[in-house]
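Shown next, in structure tokens, is the structure this report addresses.
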Amino acid sequence: MDDFLDTLPQMDLMRSEKMTLVQLIIPVESAHRSVTYLGELGLLQFRDVSVVVDLRSAFFSFTKPIESVAVFLRNFSLNADKSPFQRTFATQVKRCGEMSRKLRFFKDQIDKAGLRCLQRHELDPNIELGDLERQLADHEHEVLEMNSNSEKLRQTYNELLEFKIVLQKASGFLVSSNAHAIGDETELHESTYSNNGFIESSFLLEQEMRPEPLNQSGLRFISGIINKDKLLRFERMLFRATRGNMLFNQTPSDEEIMDPSTSEMVEKNVFVVFFSGEQARTKILKICEAFGANCYPVPEDITKQRQLTREVLSRLSDLEATLDAGSRHRNNALNAVGYSLTKWMTTVRREKAVYDTLNMLNFDVTKKCLVGEGWCPTFAKTQIHEVLQRATSDSNSQVGVIFHVMHAVESPPTYFRTNKLTNAFQEIIDAYGVARYQEANPAVYSVVTYPFLFAVMFGDWGHGLCLLLGALYLLARERKLSKQLAAAIVCCNFLLSDSDVIPYALIGLWFSELREMVIFGYPELKLGSFMEMLFGGRYVILLMALFSIYCGLIYNEFFSVPFHIFGGSAYKCRDTTCSDAYTAGLVKYRGPYPFGVDPSWRGSRSELPYLNSLKMKMSILLGIAQMNLGLILSFFNARFFGSSLDIRYQFIPQMIFLNSLFGYLSLLIIIKWCTGSQADLYHILLLLLAFIAVPWMLFPKPFALRKIHMERFQGRTYGLLGTSEVDLDVEPDSARSHQEEEFNFSEIFVHQLIHSIEFVLGSVSNTASYLRLWALSLAHSELSTVFYEKVLLLAWEYENILIRLIGVVVFAFATAFILLMMETLSAFLHALRLHWVEFMGKFFHGDGYKFKPFSFTLISYDDE
Amino acid sequence: MYGFEALTFNIHGGYLEAIARGHRAGLLTTADYNNLCQCENLDDIKMHLSATKYGSYLQNEPSPLHTTTIVEKCTLKLVDDYKHMLCQATEPMSTFLEYIRYGHMIDNVVLIVTGTLHERDVQELIEKCHPLGMFDSIATLAVAQNMRELYRLVLVDTPLAPYFSECLTSEDLDDMNIEIMRNTLYKAYLEDFYKFCQKLGGATAEIMSDLLAFEADRRAVNITINSIGTELTREDRKKLYSNFGLLYPYGHEELAICEDIDQVRGVMEKYPPYQAIFSKMSYGESQMLDKAFYEEEVRRLCLAFEQQFHYAVFFAYMRLREQEIRNLMWISECVAQNQKSRIHDSVVYMF
């Protein structure tokens with residue numbers, strides 16, 4: 001039996017990939033290229049050597065005498081406790097940061113100018129960092145210079161524009177106020193101008209009058225322009241400052257003016273303040289300054305006004321032409337940058353990643369080599385070797401990269417090779433916890449059990465078909481959608497920040513890639529987070545739909561309409577009129593309906609009791625089966641990790657307990673289904689066995705552990721120190737972290753106690769928990785019955801076309817939103833719970849950590 | 001409802017308290033400061049800060065950095081965080097949060113008024129103002145010639161208006177006047193804030209009264225020390241002390257008549273909580289006093305996080321952030337001026 005199991009071919013997903021800890025000793029001259037090539041391969045996860053050292057030094061300082069700590073520190077002080085800016089390649093990282101800042105600047109400028117950057121993905125591998133840096137600096141200088149030039153021009157332009165507006169608007173006030181002033185003083189001329197506002201006539205009058213009519217009454221004015229939203233406060237302040245001795249006139253300027261600081265268009269109002277006295281004048285000017293109101297002198301003389309207006313207009317048109325030319329020039333320059341912006345962004349990001357990785361390496365004593373450690377899947381060793389050789393030959397290095405396997409004490413990362421289909425399921429499992437290294441992977445089983453349990457709750461082949469259509473739509477557009485996403489990712493992750501991750505992480509439990517999720521959910525992209533969530537789980541949906549159709553056929557549900565698909569019903573009426581069908585029931589006249597539930601049950605008085613009994617028992621059977629699978633997996637885990645203790649004192653009593661109580665129950669259910677006979681629910685022998693199993697799983701294991709511990713450390717109180725010091729001398733670079741496990745019996749015992757209690761209580765509550773399968777499926781079928789009978793059929797009874805139409809619409813919406821969306825979601829979540837708690841709780845540790853290789857494809861998702 | 005905050009606090013305050021506590025986790029730790037102290041230039045500081053909450057605010061700054069840029073951006077981040085909390089807050093928490101910024105408003109008013117007195121450019125002054133203490137029409141302060149005008153023109157619209165009732169004089173503004181005005185305003189502000197917290201009741205009142213009492217006592221000591229040897233009379237001096245706190249009322253009597261720093265020390269050593277601060281210093285020394293007080297304040301602010309369901313966490317958080325920015329400013333100054341040996345003089349570690 002054991003031989004058979006061992007000779008079975010390895011399945012990728014059953015257990016995570018075998019990982020190896022490797023050490024790389026790379027000559028300095030080929031370091032950059034090697035790391036770049038490794039990033040392209042993407043199968044090696046570098047470990048930060050300095051961090052490891054930190055941990056170890058902390059550990060040793062407690063367990064070792066001072067001398068060995070000193071030796072240790074001498075060996076490791078190279079990279080120990082280095083902050084990011086003290087690392088070897090800190091300058092390069094800084095340069096990359098500076099370059100990406102410039103790139104962000106360009107991107108910003110291009111976006112502001114309303115241009116588009118080209119989407120090109122090919123990379124120029126030979127681009128030199130220094131060259132690029134120079135290029136970028138040149139471009140930045142150019143753009144900045146143009147910006148400052150155009151800013152100056154824009155400033156002047158704005159001022160002139162404002163001046164023009166003030167001239168136009170304020171002259172209106174002046175004319176009318178002149179009118180009043182003059183009106184008061186010289187009644188003689190009233191008839192000439194009182195009712196015509198023509199500038200011409202007032203102009204004539206003006207000439208007739210002497211130069212400064214306003215000053216005669218000691219009245220002066222200040223005119224200017226101010227932001228619309230500040231206007232009210234401005235007026236109030238003026239009123240207060242002058243104690244009401246002023247006249248405030250304002251009118252909106254009809255055109256919007258660009259605010260130079262934010263380059264946004266703002267609405268402004270032209271104002272004219274009339275006041276008297278020098279003191280008031282200084283006050284008002286100060287207030288204007290404080291409110292950022294620009295004052296422009298408007299001559300009272302109309303001739304001068306017109307002359308000035310002409311001048312301003314001509315200068316404005318000149319400036320406009322210059323500005324246009326400037327912005328054309330600038331757009332050209334930006335276009336040139338935009339042409340290769342994406343390429344540069346990718347290059348810089350890759351370079352930065354390479355240097356970040358190089359920073360994780362450590363100079364050896366001679367300062368000629370870099371020493372690094374990392375995890376790689378065992379199968380990838382040859383590939384990595386080839387890549388490193390290629391790097392050596394490409395960089396014309398005399399010395400090759402030394403690549404050798406190391407012995408690791410700590411647990412390796414967990415790495416599953418998934419494909420499009422299994423990935424989504426693996427994510428569901430990982431959302432609960434990343435599997436411990438090489439432990440049995442529940443994702444393998446959940447590919448089938450997950451959609452199946454979902455379908456048990458969602459059994460309706462009509463609804464299933466709808467889901468199937470949705471899933472097929474997603475699959476049909478798979479290529480297009482993923483391309484769209486990829487483009488969006490490349491373009492946008494430059495602008496994303498980390499804080500956006502969290503909300504979307506909560507929404508999408510089963511996203512194929514956390515990074516992708518950020519991008520999918522990012523509101524600027526038109527794809528929509530919900531759509532993308534669906535897209536990520538398209539294969540899950542497909543399987544869920546297929547299984548729902550299957551279960552729906554078994555339940556014989558199609559929007560709660562019974563169908564005779566697999567032949568006729570086994571029942572018929574007693575007489576031809578079928579009058580007593582509801583009271584006395586039907587008679588069975590031939591063999592059972594070949595597949596699923598007989599359609600005649602639908603609508604009968606005993607429909608509910610019959611279906612409830614069926615579904616309830618079925619849920620129990622499914623639950624017991626799945627929990628047994630979980631226990632069996634715990635057996636395989638124990639066998640794989642060679643822990644016979646777990647098999648003997650945990651697996652066996654647990655199996656006995658579960659099956660003597662609930663396994664027997666399942667057996668009785670099946671027997672009753674097959675023969676119709678009712679057996680005794682309790683079997684005294686089985687009950688006894690279950691009682692024995694409880695202390696069996698509680699007591700022996702902790703005691704056995706203590707015995708093993710005592711034997712191992714008998715008479716070796718001083719042994720540990722010597723051996724680990726030898727280790728230290730022999731292999732100073734290794735990643736060993738010596739874990740001296742403190743054996744604490746009471747802790748272990750309490751742990752075992754909790755575990756046992758949890759199992760005993762859990763086997764009851766978990767079995768009960770599987771009844772949700774029945775409950776949800778009942779709820780689903782009842783809901784669809786209600787919508788079908790109480791909405792659609794009721795509406796159909798009326799002859800009125802309008803009512804029928806309303807009925808159909810209500811039915812369609814209820815089906816789509818309540819049954820297809822909400823019910824799908826709830827069934828999904830319940831299936832999730834059944835897997836996470838009831839199934840995985842039996843064997844899954846989930847305390848591993850994910851394998852995160854250094855890979856350019858992954859890095860391109862990484863934000864800045 | 002004293003003692004029953006746990007029942008209802010989370011209805012309105014739970015989310016924000018969670019935010020404040022989350023932000024607190026982002027405060028720089030001793031390890032961060034140690035790393036920052038090792039920086040060789042300001043770019044190193046930027047690089048280190050890029051891994052913290054300030055990262056996104058500094059990342060777009062071109063490379064030759066200045067201390068002012070760093071401080072400005074860090075303050076901007078603080079203001080953004082504050083504004084975020086303020087928009088989420090409901091009454092009475094929003095009022096509480098508003099109270100936190102009144103202190104900055106007073107400082108800004110004083111800054112602008114003093115600046116105008118010395119004929120500085122208003123725009124330049126406004127740039128120097130703390131953004132938390134900005135209010136509309138702050139620039140108009142420059143127009144005012146005396147306190148009465150100041151009040152009538154500008155401050156009547158601001159929340160500071162009630163505090164002004166005590167210092168309304170028609171005297172022209174001068175440096176002394178302004179300093180007295182600042183302290184009178186501060187006194188009125190602290191008392192008002194204290195009263196407000198008492199009105200809120202519960203743990204908020206308990207913790208805030210402790211924090212504000214410390215603040216009031218610190219101000220009292222500072223006023224005393226700064227007014228030694230000036231023409232401020234004892235009576236006037238006593239008027240500037242806030243009417244609450246550990247030193248009120250007997251300590252104030254004694255502080256009012258102090259003539260040199262050792263007398264102040266003598267007074268303060270009678271109060272056990274302050275004994276520790278003064279016992280750290282040698283006689284006749286007052287330079288380290290600020291730092292000692294800051295350290296004590298930070299210690300008390302950190303303690304505010306130990307209790308739940310109260311508003312003092314927001315106060316404590318804002319104060320800690322301000323201290324953090326002060327620390328960053330000091331470190332960047334030291335790094336920029338190559339005075340790394342003096343870094344530890346003024347940095348107050350928090351966690």
Side-chain angles (χ1 to χ4, degrees), chain A residues 54 81-87 90-91 93-105 107-108 133 137 140-141 144 229-230 232-243 261 279-280 282-293 359 494-500 502 863-864, chain B residues 22-23 26 31-53 55-65 80-81 84 112 116 121-123 125-126 135-145 148-158 335:
Chain A
D54 276 352
D81 198 24
K82 274 192 181 171
S83 7
F85 48 85
Q86 287 173 321
R87 303 252 175 134
T91 39
V93 172
K94 257 191 262 177
R95 276 165 64 194
C96 291
E98 181 65 20
M99 280 197 277
S100 53
R101 184 194 64 74
K102 280 179 188 145
L103 289 170
R104 273 196 303 274
F105 169 73
K107 177 107 182 101
D108 194 43
E133 206 171 13
E140 195 198 21
H141 184 69
L144 278 180
D229 48 343
K230 287 186 186 167
L232 259 179
R233 273 185 284 122
F234 181 60
E235 189 178 349
R236 195 164 56 210
M237 191 58 67
L238 285 175
F239 187 83
R240 276 193 204 141
T242 57
R243 297 170 189 260
S261 56
Q279 220 185 348
T282 42
K283 263 187 193 168
I284 290 174
L285 280 178
K286 264 189 184 175
I287 293 174
C288 287
E289 191 191 356
F291 274 89
N359 266 338
F494 225 66
L495 306 167
L496 292 179
S497 74
D498 238 343
S499 58
D500 298 314
I502 302 121
D863 40 329
E864 281 296 291
Chain B
H23 278 324
D32 287 319
Y33 284 121
N34 283 338
N35 279 332
L36 283 173
C37 291
Q38 292 168 11
C39 291
E40 293 294 336
N41 51 42
L42 291 182
D43 279 335
D44 285 348
I45 290 186
K46 175 184 167 187
M47 189 169 170
H48 186 85
L49 287 180
S50 68
T52 67
K53 56 184 177 292
S56 54
Y57 282 76
L58 282 172
Q59 69 173 3
N60 281 343
E61 290 309 310
S63 207
L65 274 174
D80 284 353
D81 287 348
H84 176 70
I112 298 230
T116 339
D121 182 32
V122 183
Q123 287 308 321
L125 289 170
I126 285 180
F135 49 89
D136 302 334
S137 69
I138 189 168
T140 334
L141 285 172
V143 184
Q145 297 296 326
R148 197 170 289 281
E149 266 192 347
L150 204 62
Y151 175 71
R152 204 176 51 80
L153 279 185
V154 190
L155 294 173
V156 70
D157 286 338
T158 67
V335 168

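In what follows, every heavy atom counts, from backbone to side chain, and hydrogens, waters and symmetry copies are set aside. Reminder, nothing fancy here: chain letters follow the sequence lines and each chain counts from 1.
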Region of Asp32(B) that comes under 4.5 Å of a non-hydrogen atom in chain A: neither
Closest-packed option against chain B by number of heavy-atom pairs under 4.5 Å, given Lys230(A), Lys286(A), Lys102(A): Lys286(A)
Which atom of Glu98(A) lies closest to which atom of Lys46(B), heavy atoms considered: OE1-NZ, 4.3 Å
Lys53(B): salt bridge (charged side-chain N to carboxylate O under 4.0 Å, His left out) partners, not counting sequence neighbours: Glu324(B)
Ion pair Asp157(B)/Arg236(A), N-O distance below 4.0 Å: yes
Contacts of Asn60(B) that satisfy side-chain hydrogen bond (donor to acceptor under 3.5 Å, both in side chains) - sequence neighbours left out: Arg104(A)
Side chain / backbone / both / neither for Arg243(A) at chain B, heavy atoms under 4.5 Å: side chain
Side chain, backbone, both or neither of Glu289(A) within contact of chain B (heavy atoms, under 4.5 Å): both
